[in-house]
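Every chain is numbered from 1, with letters handed out A, B, ... down the list of sequences.
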Amino acid sequence: MHNKNQYLQEELLRTSGVNPKKCMRCGKCSATCPAYDEMEYHPHQFVNMVESGDIEPLLNSKSLYRCLSCFACIDRCPRGVEPAKLVEAVRLAAIRKQGANHLKADDVPAMLDDDIPQQALVSAFRKYAK
Amino acid sequence: MKVSYFPGCTLKTKAKDLDAYARKCAEVLGVTLEEIENWQCCGGVFSTSRDEVATKLSSVRALKAANDKEQPLVTVCSACHNVIKQTNHQMQTDAEFADKVNRYMAPEAPYGGETVVYHYLEMLRDLVGFDKIKEKVVNPQTGKKIAAYYGCLLLRPNKVMQMDDPENPRIIEDFIRAIGAEPVIYASRNECCGGYVAMESPELAKKKSNAVTSNAAAAGAEMMVTACPLCRYNLVKNGSEIPVVYFTELLADALGVKEDTNA
Amino acid sequence: MQRIGVFVCWCGSNIAGTVDVQAVSDALAHEPGVVFSTNYQYMCSQAGQNMIKDAVAEHKLTGIVVCSCSPRMHEATFRKTAAAAGINPYMVEIANIREQCSWVHKDMQTGTEKAIILGKAAVAKVNLNTPLTPGESPVTKRALVIGGGIAGIQTALDIADAGFPVDIVEKKPTIGGKMAQLDKTFPTLDCAACILTPKMVDVAQNDKIRIFSYSEVTDVKGFVGNFDVTIKKHARYVKEDICTGCGACTEKCPMKKVPNEFNLGMDNRSAIYIPFAQAVPKVATIDPNYCNMLKNGKCGVCSKVCAAGAIDYTQKDEFIEEKYGAIVVATGFNPISMDKFDEFAYNQSKDVITSLEFERLTNAAGPTAGKLLRPSDLKHPHTIVFVQCVGSRCDACAEKGKEYCSKICCMYTAKHAMLTRDKYPDTEVYVFYIDVRTPGKNFDEFYRRAVEEYGVHYIKGMVGKVTPEGDKLKVQASDLLANKQLHIDADLVVLAAAIEPDKSARPLATMLTASMDTNDFFTEAHPKLRPVESPTAGVFLSGACQGPKDIPETVSQAGAAASKVIGLLAKDKLTGNPCVASSNELMCNGCSTCERVCPYGAITYENKEFRMPDRTTAIRRIAVVNPAVCQGCGCCTVACPSGAMDLRGFANSQIIAEVDAICK
Amino acid sequence: MQVKEYKPLIVAFCCNWCSYAGADLAGNNRLNYPADVKIIRVPCSCRVNPMFVLRAFQRGADGVILCGCHPGDCHYTSGNYYTRRRMALLFSMLDYLGIEKERTRVEWVSAAEGAKFAATMNDFAEKVAALGENKRLEDLRCKR
């Protein structure tokens, strides 16, 4: 099968360090994912779809911004596949494009309240903007 | 005993009490926290991507500063701890990354992840000892049923954090026992509160934190303790039925120094 | 100097078609040591063999080279011929000029040249051959079976059936093993006790079988046919030969709060106890960790109520030494600890149980008398979730669990699910699976019945988290086919825990010098062709100590192990392979390198006195090879740094002579 | 000037249980391979002392190949693992001394793999022949 995303796929696997071939399709990552219902594509699908080169839908999916980075899928995967690292790699591939920042500085003030810790703000910028 | 201390940005602003209690208690326990000079924000989240270099430099600077003083590096905030420990681990295990960082920072001696990173809780357990804390308690928290809340950042990824059993942890429970209270075990203690999407998707964050607090309350907890300002914010804001406090506040109370701390 | 005869075979035209046999015998006639050289149509025929015998007599031959077919074909034939002619059979070498010459080359000149070189190599080797005699050792006609589960029981019964005495050593107070704890057995659903306990009685009544229960093997010395074994019999504080098993003591014992291991701690037993009603031997045992009399001398109730006077608080551990010809390992398995898998909340809720605990819960002799009640509140569960592959099939880098498939879980989970639906149709049963693996006679049919006839919900996916809340277990799982996350409020969660070898296996393997894999399963001598033998001669494997197995497989392996033992014990003497390693004691410096590479534990060390040139004596540590144990692989000869170790029949000098002959 | 056709000299050590039987099977099936290959039978590939390999090169062999049972199938459980490790070291040292890596090889051939045996020998002989004579380690005093 010709894979038009081969370059991107290799890049994702390299930067994430994930080997999707280790996956045994048990679905424990998606079983343990706390953000599952908010995601269009679920952790096991990230592994599957990157492996098969079907990356375009992931790049455009809101799922990228729903991952809580809680690493539950990393710790509980019986095969050591570490799906969250792949989600992160795809998210970076999406937001690193020119003008593709998911979070814009102008939108921030509306999201804040008096108590919100700095941590929430800086991490949101780290995760959603370049 | 002197250790390097990385407070982090949240502890300088919204979570000043977490910081103040931590310092005061350390004093009582015979540990001097030496704040790293000119530290910079860790960024609040660790990027697992191997090609993210610039965002990790602030952590490496802090680690390097501690290493120069030949001290372990202690953090209190769960997020800072997670980011710094993971960065340190990457410096140890990813030669290409370490090489890039060292070229960029051009230090006199290259840094290779030599610093030992402790969370304040680990410091209490491994450097001070819970037995010693027990001796120092003047105001035991007897009768309080307290639920430990680990969240995700303290324990995961376990391969790197190596703090405790990620599914069956006991470090905060042991801490709770040391100050005379009774720990409440509940399954959601190591589930995510949704903190990182507090701005992006408040509904999801609310759903997740409610699941945690209601599970703790159902298990009979009267109070929750956490080490993470974002967890605390998230749990409180989303209407926890039981109070959520920083573990350092409880410790200060138990050690009898809560009142004279300028929090 | 040898007097060698060379015999070149034509093999009809098989060899003679591509090799000029006359040229070969002529060429070899001038090789050093050769005093006679000839060729003949069929060397292996009676006439050919007689030709060899005559030549031996006529030319006073001391060595023979046969240029013919592969030694794998007729080496044994020509060795017998040599022996009949009065030459040591190990003075024969074969040059393989058929399979490895005439059949693979088409050109007569090429074939002939190569045949000559191969012949020269064989001659060069025979020049250095020495007569070898296989060692003989007697066989003690008694077998030891370690482990008294179904594997050990079956092996012992089969050996005893053939008329040989067998001893079973079992570390628990009774034999029966895991099978005694099971309720029903797949795929036929007959009750485990109904098929196991008669076998246990057979063992008890068989006069060829002795049972050492509450005992363990503490030392093994010797080798195949001649093992010296020390067995430690733990003090049970009850005289085994006097106790009638009436149970009066267990009833009257005031200490009743001891976790009952037979029911996996789900109920309690007394400090003096008989594990279960059909125990063999049916003898009480006092648990010294809980007995007040043994701990602080206060009580003595059991002694008072025992009509037979069997109680003996002063009993001591006893050591028994016995000789055996063969040892069978049948140490079995255990489910792994669920501590590292607490996302399933095993340590947080009594209602999260393992499958073995489920067996006890449904067993008529179990803590709930066979009623399916959940442990926390003894209420009937209405929703049950089974989780498969807990701790099986994990990647090594996941740092928990086992890499292998535990093999039995798919079937017993199907059994549990089916039986639950059969007895309690009001119960919803979910099984989360990664793959359903049911190879075996009537196995897949069984699993399909669970789904199609009994309405068990099989869901392709895994459980990610179990959260006990109130009296429910909130199960969060994935359904991969529906691409959904499921949330099920369950009353009972059953974990199909991976199985691992019993902890006693590793130290036992060390005692036996039997090899193990990284998972502590015993390694078989050959994975396909010698599956019930350990590479260590005289040690045999039965049951799950060699790898995960269900009952039918265990029983067939147990029988196979028994037949191998019978084959060994039926011999009066063991004849060894004389091509074994031996160490030159003058060159050996006792460094232990050879011992470490030997897969059979054939090498030991002894301190030997040497007369030194200056007339003093020195004691040096030297390697000694036990020829009865050595299999002759030669690994040690290469490992030996001082060149002291050599292999008879394939000596360094012999192989070098072959190399030289080929490269000349 | 007439040049004598160059024929490489190859020594093959075959373990008794798998590879030697594999070589026999190649014969049974009449599969051709060069007569330059001469087989020496050893009980196990781990019986092959590096000394034997050096001796062969010293005496003018152009290539040396060891054949054993497949990993995990060794008749003696673990012998071929030792072979693999020992020969990896030896071959890299030989490479350093100028004996090209193509002149040395360890190959796993089972008793059922007659075709593989023949194919291996053909390939090996071809590669060795392409390199020409072994000059580096040959002891001229042993010259034929």
Open item on the list: Quick check: closest heavy atoms across D:Asn49 and C:Thr637, and the distance to 0.1 Å?
Closed with: ND2-O, 4.1 Å
Task: Contacts with chain C made by residues 80-102 of chain D (heavy-atom distance under 4.5 Å), listed by residue number - done: D:Tyr82, D:Arg86
- [ ] Answer whether the closest heavy-atom distance between the side chains of D:Pro43 and C:Cys579 falls below 4.5 Å.
- [x] no
Task: Distance-minimising heavy-atom pair for D:Ser78 and C:Pro599 - done: OG-CB, 4.0 Å
TODO: Can you tell which part of C:Ile117 gets under 4.5 Å to a heavy atom of chain D, answering side chain, backbone, both or neither?
DONE: side chain
Open item on the list: Do D:Arg41 and C:Pro71 make a side-chain contact, defined as non-hydrogen atoms from C-beta onward lying under 4.5 Å apart?
Closed with: yes
Open item on the list: As an exercise: rank C:Met73, C:Lys106, C:His526 by heavy-atom pairs under 4.5 Å with chain D and give me the winner.
Closed with: C:Lys106
- [ ] Of all the heavy-atom pairs spanning D:Val11 and C:Cys663, show the shortest one and how long it is.
- [x] CG2-SG, 3.9 Å
TODO: Compare every heavy atom of D:Pro50 with every heavy atom of C:Val638, then report the nearest pair and how far apart it is.
DONE: CG1-CD, 3.5 Å
Task: chain D-proximal positions within residues 92-101 of chain C [heavy-atom distance under 4.5 Å] - done: C:Asn96, C:Glu99, C:Gln100
Open item on the list: Determine whether C:Cys635 and D:Cys44 satisfy the following criterion, side-chain contact (heavy atoms from CB on, under 4.5 Å), listing intermediate values before the conclusion.
Closed with: CA-CA 8 Å; C:Cys635 197; D:Cys44 175; over 6 Å; no
Task: Structural part of D:Val48 lying under 4.5 Å from a heavy atom of chain C - done: backbone
- [ ] Just do the salt bridge (charged side-chain N to carboxylate O under 4.0 Å, His left out) check on D:Arg55 and C:Glu658 with the steps written out, would you?
- [x] CA-CA 11 Å; D:Arg55 180 79 163 205; C:Glu658 285 183 89; over 6 Å; no
Task: Contact origin within C:Lys125 toward chain D - heavy atom pairs under 4.5 Å - done: neither
Open item on the list: Given heavy-atom pairs under 4.5 angstrom as the criterion, report whether the side chain, backbone, both or neither of C:Asn14 touches chain D.
Closed with: side chain
Open item on the list: Regarding C:Asp660 and D:Lys38, does a basic nitrogen lie under 4.0 Å from an acidic carboxylate oxygen?
Closed with: no
Task: Residue pairs involving residues 633-660 of chain C (criterion ring-ring contact (aromatic ring centres under 6.0 Å, His included); sequence neighbours excluded) - done: none
Open item on the list: Is C:Asp517 close to chain D through its backbone or its side chain, or both, or neither, when contacts mean heavy atoms under 4.5 Å?
Closed with: neither
Task: Test item: C:Ile662 and D:Leu9 side chains (from C-beta on) under 4.5 Å apart, heavy atoms - done: yes
Task: Heavy-atom pairs under 4.5 Å with chain D, option from C:Thr523, C:Ile655, C:Ile656, C:Thr110 with the top count - done: C:Ile655
Open item on the list: Taking side chain as everything from C-beta outward and backbone as N, CA, C, O, which of these in C:Ala525 sits under 4.5 Å from a heavy atom of chain D? Side chain, backbone, both or neither.
Closed with: backbone
Open item on the list: Does any backbone or side-chain atom of C:His105 lie under 4.5 Å from a heavy atom of chain D? Answer side chain, backbone, both or neither.
Closed with: both
Task: Heavy-atom check, side chain of C:Leu529 versus side chain of D:His75, under 4.5 Å - done: no
Task: Region of C:Asp107 that comes under 4.5 Å of a non-hydrogen atom in chain D - done: neither
Open item on the list: Strictly less than 4.5 Å between heavy atoms, which residues of residues 15-36 of chain D line up against chain C? Please order them by number.
Closed with: D:Asn16, D:Trp17, D:Tyr20, D:Ala21, D:Ala23, D:Asp24, D:Ala26, D:Gly27, D:Asn28, D:Arg30, D:Leu31, D:Asn32, D:Tyr33, D:Pro34, D:Ala35
Open item on the list: Set out, in order, the CA-CA distance, both residues' side-chain angles and the distance that settles side-chain contact (heavy atoms from CB on, under 4.5 Å) for D:Phe13 and C:Val659, then state yes or no.
Closed with: CA-CA 10 Å; D:Phe13 292 98; C:Val659 170; 3.9 Å; yes
